[in-house]
Amino acid sequence: MKELPKIYEPQKVENEIYARWEKSGFFAPENLKNTSGNYCNILPPPNANGELHIGHASGYTVMDIFGRYARMNGKKTLLLPGKDHAGIQTQVVFEKKLQAELGLSRQEIGREDFYKKTYAFCIDRANYMRSQEKKIGISADWSREKFTLDPDVLKTALETFVKMHEDGLIYKGKRIINWCPRCGTALSDVEVLHKETPGKLYFIKYPIENSNEFITVATTRPETMLGDTAVAVNPKDKRYLKLVGKNVVLPLQNTIIPIIADKRIDLSFGTGAVKITPSHDPLDWEIGKDHKLDEIQIIDEKSLITELGGKYAGLTTHEAREEIVKDLEKLNLLEKIEEMTHSVSICERCKTIIEPLTSSQWFINVDAKNFSLKKKAIEAIKKNEIEIFPNNFQKILIDWFDNMRDWCISRQIWWGPQFPVWYCENCGQEKYIVSLEKPTTCPHCQGKKLTRDENTFDTWFTSGQWAYTTLKSKEKDFETFYPTNTMVMGRDLLFFWSSRMIMMSLYTTGKIPFKNLFFTGLVLDKDGHKFSKSRGNGIDPLTVIEKFGADALRMSLIMDSAPGQNSRLYEEKIETFRNFANKLWNISRYCLSQENFKLVEEISKEDINSEADRWITDSLNELIGKTNQLFESKQISVAADLLKTFTWNSFADGYIEAQKIEKNDKMLGYVLDKLLKLWHPFIPFVTEHIWTLAGEKELLMISEWPAYEENKQAKTSSYFPFVLSLNKTIRNVRKEKNIESAKKIELWVETTSELSKKVISNNADFIKKSAGVSVIKFNEILIGDFIQRVVGECIIKIPLDGLVDVEKEKNKAEKEIANLEKFIAGSAARLGNKEFVSKAPEQVISQQKETLAKKQVELAELKKHLASLQ
RNA sequence: GGGUGAUUAGCUCAGUUGGCUAGAGCACUUCUCUUACAAAGAAGGGGUCACUGGUUCGAGUCCAGUAUCACCCACCA
């Protein structure tokens with residue numbers, strides 16, 4: 001056996017290990033042998049415009065852990081990777097790049113060229129990101145990797161548009177939408193953020209027609225009054241009841257507009273009277289529609305006042321506001337201005353203030369009569385067809401669907417798939433043709449001059465179909481793997497993505513897209529802040545991997561966190577897992593250094609010789625059972641924690657130390673074999689590396705997951721822990737009395753328990769060696785100074801002439817007696833309680849009785865001890 | 001305005017059908033370079049599980065309310 005380095009160096013082996021996995025072909029499901037059942041996770045496609053960040057790494061780790069677990073459990077496993085073209089975001093990123101590097105705007109290079117260049121940019125980024133994904137260790141099938149703009153993927157997505165249009169779920173209409181003046185496009189509701197901003201509330205007096213009276217309205221945006229077509233009050237508002245039905249003269253515009261009543265008006269806000277601007281406010285637009293009010297668009301798509309704004313035409317909204325306020329003051333129509341904070345809508349991507357506008361856009365009717373997307377989704381979720389982790393997100397999602405409004409899917413950007421919609425020069429915009437291919441003639445007038453709709457799709461329209469557009473690249477994959485098993489995503493994508501996938505999939509395939517939906521929380525920095533460029537607190541996954549190894553990164557991302565909960569990442573934390581990988585490495589190094597060591601899959605009864613052997617095999621079996629359970633309930637961080645405790649405390653500190661005295665190489669090989677397998681999903685690199693060093697030819701990645709023996713008796717497994725606690729007690733005494741490690745001590749045991757005696761005798765060598773004991777005596781009379789402790793049913797005495805501090809010993813004993821008495825009192829009271837005895841499960845009662853008996857023995861011994869000290 | 005989550009050791013957090021004299025890692029104290037590992041080993045200190053009630057034989061765990069923090073949603077003109 002060649003000399004192995006003392007310290008595990010992931011940097012030197014990870015790339016090579018990944019290359020072996022890839023070369024083996026086992027990332028592709030069809031190459032896996034003896035499979036039963038399928039497992040599929042379509043990986044969320046990251047935006048192909050940058051690089052991986054720690055959030056991606058977090059999700060990928062979770063997916064890979066589940067994927068590797070499934071593969072080792074004999075499932076035909078497919079993790080399908082991909083990239084997203086990410087419409088608006090990529091356009092924003094690439095426009096900046098274009099400006100910075102070439103000083104050009106997209107308009108200057110033109111739509112076609114811009115598209116080509118952006119495409120090339122995305123492909124380039126995708127290649128780079130793929131190399132990052134491999135570094136993390138994702139066992140994905142790269143031969144199936146997809147891009148949202150791949151022709152086959154896109155075709156499936158666009159076919160959905162055609163079908164939805166045929167089914168009447170798509171309509172084009174002039175409605176109020178969120179307009180980003182910087183991006184120059186409409187946005188859906190979820191792409192708009194709200195920010196609390198200080199502002200002013202202007203109280204403006206509107207003169208009532210043919211009267212000297214006024215009605216005062218309050219607004220934060222006085223400039224929109226140019227487009228007012230009504231003033232509304234609540235029908236229950238007694239203050240204004242008599243004014244309903246009358247008209248007011250709209251100041252500055254001098255038009256006559258009505259006073260209407262609408263129950264959506266809040267009596268308590270402002271003056272209770274609201275100016276209605278249907279063209280520039282969502283609520284006003286709805287009220288306007290219901291009351292058949294005119295829509296006057298006075299702000300254009302560049303945030304400038306239109307011709308309809310009279311003398312203010314051409315001003316920016318900001319300039320117009322100042323002018324209007326001045327003019328109102330001159331007319332003595334401005335009653336007052338109050339300071340207030342209100343929430344302002346901003347663009348999710350570029351943070352520009354959103355301008356609500358009426359505009360002609362394409363929408364999906366999410367609540368159509370023949371197929372209500374939202375109702376179908378709610379139904380599926382309520383029926384638990386999709387299990388959501390954490391479970392409480394179910395309610396949040398249902399509430400969101402309940403309130404979902406029609407989905408605006410058209411964007412006026414250049415980057416993204418264009419609508420498969422055509423217009424004929426003769427027939428105009430009203431009579432459009434929906435068709436994947438460009439029609440040769442207009443079906444209405446046979447005209448031949450056809451142009452394509454310039455709109456591009458909302459990114460979420462294509463990524464919302466990702467679960468099946470990817471699989472449909474190979475029809476057989478779709479049949480085999482759909483619906484998929486697991487979907488993992490960040491909680492920030494709850495509304496953006498999970499919701500859309502559920503709706504779109506139910507519509508197109510009639511089935512849910514995935515059976516399990518697992519949300520990861522946000523990864524935050526040490527102080528709980530989000531990672532951001534402006535804060536400069538980013539942690540680059542590759543830097544971490546270079547410094548600590550991919551396994552350490554993976555562990556630090558999934559530990560200390562429950563589904564949907566945020567977690568914090570910082571170097572000290574990553575370091576502890578680097579240390580763990582090194583511990584496992586050294587455990588293995590020790591095992592490998594043993595003479596006839598090899599990994600063993602099975603052991604027989606004859607291989608179990610000592611208390612320690614029995615204990616470790618029983619505990620290992622129990623560990624496997626618990627790990628399986630935890631995997632099933634998706635509690636991977638708890639599972640990893642359990643594995644860690646077993647590996648470090650039970651195996652390394654307990655078993656291996658004992659095994660040094662009573663050798664059993666076969667047992668070492670057995671436990672290590674199982675541990676490498678159990679650990680593999682979490683820390684695939686170091687486990688695969690050790691596996692190979694141990695002489696295995698097949699890859700650990702496709703080895704069989706350890707079997708749990710359900711009916712295994714574990715009666716004797718508590719004997720060895722008793723030996724360990726005996727050891728600990730002796731060491732504690734040594735420590736307390738400052739006995740140098742070279743000095744041997746005697747151990748006098750007093751016990752009536754034959755079993756305890758037997759267990760101690762059986763493990764005498766181990767106790768002697770590891771606790772520095774020269775001789776063990778049973779039930780003999782000891783004369784002279786000694787320290788006494790109680791362990792289980794034994795009193796142990798350690799003769800120490802001149803070292804015993806009687807006062808200290810007394811104090812210690814008294815304190816312990818008080819503790820025990822308190823516990824015994826409580827326990828006895830419980831057992832004396834008829835209700836407890838009749839209602840608690842048998843197991844709890846017997847356990848309670850057992851503990852009580854033990855503690856009573858201890859107490860009696862301690863009291864004897866105390867008496868002897870008097 | 002509505003909702004969700006959090007509140008457990010100095011710090012970061014686990015604790016999923018209620019059975020716990022409440023756990024881990026880091027940090028801390030003391031000792032040890034003992035032939036797998038100082039990125040380690042050994043021993044130890046540290047918590048009325050935010051608060052108030054309730055249900056229960058039994059509550060960190062379930063219910064109701066309160067407080068603080070965080071996040072999300074919203075058509076607050």
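Just so you know, these numbers use all the heavy atoms, side chains as well, and skip hydrogens, waters and symmetry mates. Below, chain A is the first sequence line, B the second, and so on; all start at residue 1.
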Report summary line: Partner of F519(A) under ring pair (Phe, Tyr, Trp, His ring centres under 6.0 Å), picked from W497(A), F495(A), F393(A), is F393(A)
**Report entry** Separation between the C1' atoms of G45(B) and U30(B), rounded to whole Å
**Finding:** 11 Å
Requested in this report: Would you indicate what K728(A) reaches in the nucleic acid, counting non-hydrogen atoms under 4.0 angstrom: base, sugar-phosphate, or nothing?
Outcome: sugar-phosphate
Query raised in the report: For C57(B), which nucleotide in any strand shown is its Watson-Crick or wobble partner with both distances under 3.5 Å?
Result: G19(B)
Report task. Could you tell me whether the side chains of T224(A) and K275(A) share a donor-acceptor contact shorter than 3.5 Å? Result -> yes
**Report entry** Proximity to the side chain of Q565(A) - top-ranked nucleotide from G5(B), C57(B), G44(B)
**Finding:** G5(B)
Query raised in the report: Taking W679(A) as the fixed residue, which of F651(A), F580(A), F577(A), F646(A) is the one that meets the ring pair (Phe, Tyr, Trp, His ring centres under 6.0 Å) rule?
Result: F580(A)
Query raised in the report: Are W648(A) and G41(B) close enough that a side-chain N or O sits under 4.0 Å from OP1 or OP2?
Result: yes
Requested in this report: Could you work out which one of G25(B), A14(B), C31(B) sits closest to the side chain of K644(A)?
Outcome: G25(B)
Query - Counterpart base for A64(B), defined by Watson-Crick or G-U wobble contacts under 3.5 Å - result: U52(B)
Query raised in the report: Checking all strands, does F495(A) fall into the base, sugar-phosphate, or nothing category for heavy-atom contacts under 4.0 angstrom?
Result: sugar-phosphate
Query raised in the report: Say you pick atom C1' in A39(B) and the same atom in A59(B); how far apart are they, in whole Å?
Result: 41 Å
Requested in this report: Identify whether any heavy atom of I265(A) sits under 4.0 Å from a base atom; if not, whether one sits that close to sugar-phosphate; answer base, sugar-phosphate or nothing.
Outcome: base
Query raised in the report: Should N566(A) be listed as having a side-chain N or O under 4.0 Å from OP1 or OP2 of C71(B)?
Result: no
Query raised in the report: Is N579(A) near enough to A40(B) that one of its side-chain N or O atoms lies under 4.0 angstrom from OP1 or OP2?
Result: yes
Query raised in the report: Counting just side-chain N and O atoms, does K6(A) come under 4.0 Å of either OP1 or OP2 of A38(B)?
Result: yes
Report task. Using a 4.0 Å heavy-atom cut-off across all strands, classify P841(A) as base, sugar-phosphate, or nothing. Result -> base
Requested in this report: Begin from the C-alpha positions of F631(A) and F682(A) and carry the test ring-ring contact (aromatic ring centres under 6.0 Å, His included) through to its verdict.
Outcome: CA-CA 12 Å; F631(A) 258 108; F682(A) 300 95; 5.7 Å; yes
Query raised in the report: Using atom P of each nucleotide, how far apart are C33(B) and U7(B) to the nearest Å?
Result: 43 Å
Query raised in the report: Under 3.5 Å, is there an N or O donor on one side and an acceptor on the other linking the side chain of K839(A) and the base of U56(B)?
Result: no
Report task. Sticking with atom P, work out how far G58(B) lies from G18(B), rounded to a whole angstrom. Result -> 15 Å
Query raised in the report: Can you check whether R731(A) has a side-chain N or O nearer than 4.0 Å to OP1 or OP2 of C31(B)?
Result: no
Report task. May I ask you to say what A562(A) touches in the nucleic acid, namely base, sugar-phosphate or nothing, with a heavy-atom cut-off under 4.0 Å? Result -> sugar-phosphate
Report task. Please work out if S588(A) contacts a base, only the sugar-phosphate, or nothing of the nucleic acid, heavy-atom cut-off 4.0 Å. Result -> nothing
Report task. Counting heavy atoms from C-beta on, name the nucleotide in U12(B), C75(B), A42(B) closest to the side chain of K735(A). Result -> A42(B)
Requested in this report: Using the P atoms only, state how far U4(B) lies from A40(B), rounded to an integer number of Å.
Outcome: 43 Å
Query raised in the report: Which is true for Y570(A) with a 4.0 Å heavy-atom rule: it touches a base, it touches only sugar-phosphate, or it touches nothing?
Result: sugar-phosphate
Query raised in the report: So do the side chains of I204(A) and L334(A) get within less than 4.5 Å of each other, counting heavy atoms only?
Result: yes
Query raised in the report: Can you tell me how far P in A14(B) sits from the matching atom in C76(B), rounded to whole Å?
Result: 35 Å
Requested in this report: Mind checking T219(A) for me? I need base, sugar-phosphate or nothing, with any heavy atom below 4.0 Å counting as a touch.
Outcome: sugar-phosphate
Query raised in the report: Contact class for K660(A) (heavy atom, under 4.0 Å): base, sugar-phosphate, or nothing?
Result: base
Query raised in the report: Could you state the interatomic distance from CD (E850(A)) to OG (S827(A)), rounded to the nearest 0.5 Å?
Result: 11.5 Å
Query raised in the report: Between G3(B), C57(B), A77(B), which one does the side chain of K395(A) approach most closely?
Result: G3(B)
Query - Pairing partner (Watson-Crick or G-U wobble, both distances under 3.5 angstrom) of G10(B) - result: C26(B)
Report summary line: Considering only heavy side-chain atoms of L283(A), the closest of A24(B), C75(B), C37(B) is C75(B)
**Report entry** Complement of A39(B), any strand, by Watson-Crick or G-U distances under 3.5 angstrom
**Finding:** none
Query raised in the report: Under 3.5 Å, side chain of D551(A) to main-chain N/O of F685(A), donor-acceptor pair present?
Result: yes
Query raised in the report: Is N392(A) near enough to G5(B) that one of its side-chain N or O atoms lies under 4.0 angstrom from OP1 or OP2?
Result: yes
Report summary line: Winner on side-chain proximity to E196(A), out of C75(B), C76(B), C72(B), is C76(B)
Query - Residue F836(A), side-chain atoms from C-beta onward, closest of A40(B), A24(B), C57(B) - result: C57(B)
Query raised in the report: So what does Q635(A) hit on the nucleic acid, given a heavy-atom distance under 4.0 Å: a base, only sugar-phosphate, or nothing?
Result: base
Requested in this report: Among U21(B), A39(B), C57(B), find the nucleotide with the atom closest to the side chain of I7(A).
Outcome: A39(B)
Query raised in the report: Just checking D266(A): base, sugar-phosphate only, or nothing, at a heavy-atom cut-off of under 4.0 Å?
Result: base
Report summary line: Pairing partner of G46(B), by Watson-Crick or G-U wobble and under 3.5 Å for both distances, is none
Query raised in the report: Is any side-chain nitrogen or oxygen of K573(A) closer than 4.0 Å to OP1 or OP2 of G25(B)?
Result: no
Requested in this report: Return the nearest nucleotide to the side chain of D653(A); candidates are A14(B), A39(B), G41(B).
Outcome: G41(B)
Query raised in the report: For K855(A), which contact category applies under a 4.0 Å heavy-atom criterion: base, sugar-phosphate, or nothing?
Result: base
Requested in this report: State, without any angle test, whether R830(A) and N833(A) hold a side-chain donor-acceptor pair at a distance under 3.5 Å.
Outcome: no
Query raised in the report: Can you find a side chain N or O atom of R264(A) that sits less than 4.0 Å from OP1 or OP2 on C75(B)?
Result: no
Report task. Measure distances between side-chain N and O atoms of Q594(A) and base N and O atoms of A36(B), and say whether any donor-acceptor pair falls under 3.5 Å. Result -> no
Query raised in the report: With respect to the phosphate group of A74(B), does any side-chain polar atom (N or O) of H194(A) fall under 4.0 Å of OP1 or OP2?
Result: yes
Requested in this report: Have a look at E657(A) and say if it touches a base, only the backbone sugar-phosphate, or nothing, with a 4.0 Å heavy-atom cut-off.
Outcome: base
Requested in this report: Determine which nucleotide pairs with C71(B), using a 3.5 Å limit on both distances of a Watson-Crick or G-U wobble pair.
Outcome: G3(B)
Requested in this report: Round to the nearest Å and state the distance from K583(A) atom NZ to C37(B) atom P.
Outcome: 10 Å
Query raised in the report: Which nucleotide in the list U21(B), A42(B), A77(B) gets nearest to the side chain of V274(A)?
Result: A77(B)
Report task. Quickly work out the L226(A) CG to A77(B) P distance and round it to whole Å. Result -> 18 Å
Requested in this report: Nearest whole angstrom, please: distance from the C1' of G44(B) to the NZ of K815(A).
Outcome: 12 Å
Query raised in the report: Of L226(A), T317(A), T277(A), which meets side-chain contact (heavy atoms from CB on, under 4.5 Å) against I299(A)?
Result: T317(A)
Query raised in the report: If the C1' atom of U16(B) is compared with that of C62(B), how far apart are they to the nearest Å?
Result: 13 Å
Requested in this report: Using the P atom on both, measure U34(B) against U21(B) and round to a whole Å.
Outcome: 41 Å
Query raised in the report: Do any side-chain nitrogens or oxygens of R830(A) fall under 4.0 Å of OP1 or OP2 in G58(B)?
Result: no
